[in-house]
Enquirer: 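Please see the structure below; I have some questions.
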Amino acid sequence: MTELAAVKAALKSQAVETPSWAYGNSGTRFKVFAQQGVPRSPWEKLDDAAQVHAFTGAAPTVALHIPWDRVDDYAALARHAEDRGLRLGTINSNTFQDDAYRLGSVCHPDAAVRRKAVDHLLECVDIMDATGSRDLKLWFADGTNYPGQDDIRARQDRLAEALAEVYGRLGEEQRMLLEYKLFEPAFYTTDVPDWGTAYAHCLKLGPKAQVVVDTGHHAPGTNIEFIVATLLREGRLGGFDFNSRFYADDDLMVGAADPFQLFRILHEVVRGDGFGSGVAFMLDQCHNIEAKIPAIIRSVMNVQEATAKALLVDRAALVDAQAAGDVLGANAVLMDAFNTDVRPLLREVREEMGLDPDPLAAYARSGWAEKIVAERVGGEQAGWGA
């Protein structure tokens, strides 16, 4: 296989999971902006997700969020997805919206609240069994606002105890993906604030526990690709939540703030064989003011473009320059790949896959946007917290 053929093959096999909640209404801290045609149920979210996959060929799975996507029959929901050329993917838990979690969930000082939270996580594993999902993704809003509010070490003990119970419930082929976030909503301490804390817990739990890297969850200036390279080296990178930010929040479209950073991250994924090691690639974004489906299509395309550039890095030339101590030469190899216009290549790949070379234009011509505006009248729109 030629080098170009290998690049094309990798791009054709690429899969980016889309999140169910991105198809619903979302907003800022102050306002949720409703849009016409927004899904009213998990079933309609899957209908929209099928459009993204149909036009990109790269979004075959959809992540669910419980309880936002709770239904009576998860096997039926999985069949609905299959009928539309999709599969149900990661199950995301929610331990941050109940009043009981004001002082935390699995780290709460009250054992009854911790029990409530762990029971919810175990329910999510039950749902994984019904949907055939591989991954359970955990993000905890737990933390404290004031020095002395709670015992920092004791909270880590409670966290470890809860994770161990859920880990023990996982099936043979199931995984636990532990996400971290620098801050928010707690102001003083966050119980899982960084990749090191997540990694330490995963190491203690066992090989089915992996770390999730949300690309927006870091302090300014953090070298995210170093984290990615290290976790890949240790076999503990479970997945990505792709998004971007300019300031403190993290839910803008992937690649919007720093396309070069996304390229550098995906270069380390290529270098560490991340595409062949079970790493999950998922979007985690809130489309507040832009149309939902076109924004998700654009996000998938952004990941594809960064991946294509990462695959085009002249690995042999880079290794030679690094071994020779050629600082500028090695940097030039990366910059040459990043500055390559890969859009013609991706258009060619899509045509070879039987797809329209311009997914956004094809979607606009499809009439789906007009169809859902006309048909989805009445009922309660899905949205953050719905």
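Residues: numbered from 1 along the sequence shown.
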Enquirer: Where does the angle between the aromatic ring planes of Phe275 and Phe281 fall among parallel (under 30°), tilted (30 to 60°) and perpendicular (over 60°)?
Expert: parallel
Enquirer: Does a side-chain heavy-atom distance below 4.5 Å link Arg87 with Arg134?
Expert: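 Answer no - side chains too far apart.
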Enquirer: Using every non-hydrogen atom in the two residues, find where Cys107 and Asp150 come nearest and quote the distance to one decimal.
Expert: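 Cys107 and Asp150 have their closest heavy atoms at O-OD2, 4.2 Å.
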Enquirer: Please report whether the ring centroid of Tyr188 lies less than 6.0 Å from that of Tyr146.
Expert: no
Enquirer: Would Lys292 and Tyr23 count as a cation-pi pair here, with the cationic atom under 6.0 angstrom from the ring centre and within 45° of the axis?
Expert: no
Enquirer: Does the side chain of Leu360 come within less than 4.5 Å of Tyr363's, by heavy atoms?
Expert: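 With C-beta onward as the side chain, the pair stays apart.
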Enquirer: Looking just at side-chain N and O atoms, do Asn302 and Ser299 make a donor-acceptor pair shorter than 3.5 Å?
Expert: no
Enquirer: Within a strict 4.5 Å, meaning less than it, do heavy atoms of the Thr215 and Ile265 side chains meet?
Expert: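 Yes - at least one pair of side-chain heavy atoms lies under 4.5 Å apart.
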Enquirer: Going through the distances and angles, do Glu165 and Arg115 end up as a salt bridge (Lys or Arg N to Asp or Glu O under 4.0 Å)?
Expert: CA-CA 11 Å; Glu165 181 175 349; Arg115 183 70 260 159; 2.8 Å; yes
Enquirer: Taking side chain as C-beta onward, heavy atoms only, is Lys208 less than 4.5 Å from Leu136?
Expert: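 The answer is no, as the side chains (C-beta and beyond) never meet within the 4.5 Å cut-off.
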Enquirer: Take Asn92 and Trp139, measure what side chain to side chain donor-acceptor pair (under 3.5 Å) needs, and give me the verdict at the end.
Expert: CA-CA 8 Å; Asn92 291 256; Trp139 172 73; over 6 Å; no
Enquirer: Is the His218-Tyr180 ring centre distance short of 6.0 angstrom?
Expert: yes
Enquirer: Minimum heavy-atom separation for Leu237 to Val279, with atom names?
Expert: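 Shortest heavy-atom contact: O-CG2, 3.4 Å.
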Enquirer: Using the rule given for side chain to side chain donor-acceptor pair (under 3.5 Å), can you reason through Asp129 versus Gln174, listing the C-alpha separation, both sets of side-chain angles and the distance that settles it, and then say yes or no?
Expert: CA-CA 9 Å; Asp129 293 340; Gln174 293 173 337; 2.9 Å; yes
Enquirer: Could you tell me if Arg245 sits above the aromatic ring of Tyr247, with its cationic atom closer than 6.0 Å to the ring centre and no more than 45 degrees from the axis?
Expert: no
Enquirer: Verify whether one side chain among Gln51 and Ser366 offers a donor that lies under 3.5 Å from an acceptor in the other.
Expert: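 There is no such pair (donor and acceptor under 3.5 Å, judged by atom type) between the side chains of Gln51 and Ser366.
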Enquirer: State, yes or no, whether a side-chain contact exists between His217 and Trp195 at a heavy-atom distance under 4.5 Å.
Expert: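 Result no, sub-4.5 Å side-chain heavy-atom pair not found.
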Enquirer: Less than 4.5 Å apart, side chain to side chain, heavy atoms only: is that true for Thr131 and Leu77?
Expert: no
Enquirer: Report the relative orientation of the aromatic rings in Trp21 and Trp68; use parallel for angles under 30°, tilted for 30 to 60°, perpendicular for over 60°.
Expert: perpendicular
Enquirer: So how far is it from Met176 CE to His201 NE2, rounded to the nearest 0.5 Å?
Expert: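 One finds 11.5 Å between CE of Met176 and NE2 of His201.
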Enquirer: Testing Lys371, Arg84, Arg376 for salt bridge (Lys or Arg N to Asp or Glu O under 4.0 Å) with Glu44, which one passes?
Expert: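 Running salt bridge (Lys or Arg N to Asp or Glu O under 4.0 Å) over Lys371, Arg84, Arg376 with Glu44 returns exactly one hit, Arg376.
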Enquirer: Heavy atoms, side chains only, cut-off 4.5 Å: are Phe242 and Leu266 in contact?
Expert: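 Phe242 vs Leu266: side chains touch.
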Enquirer: Using a 4.5 Å cut-off on heavy atoms from C-beta on, say whether the side chain of Leu311 contacts that of Val342.
Expert: no
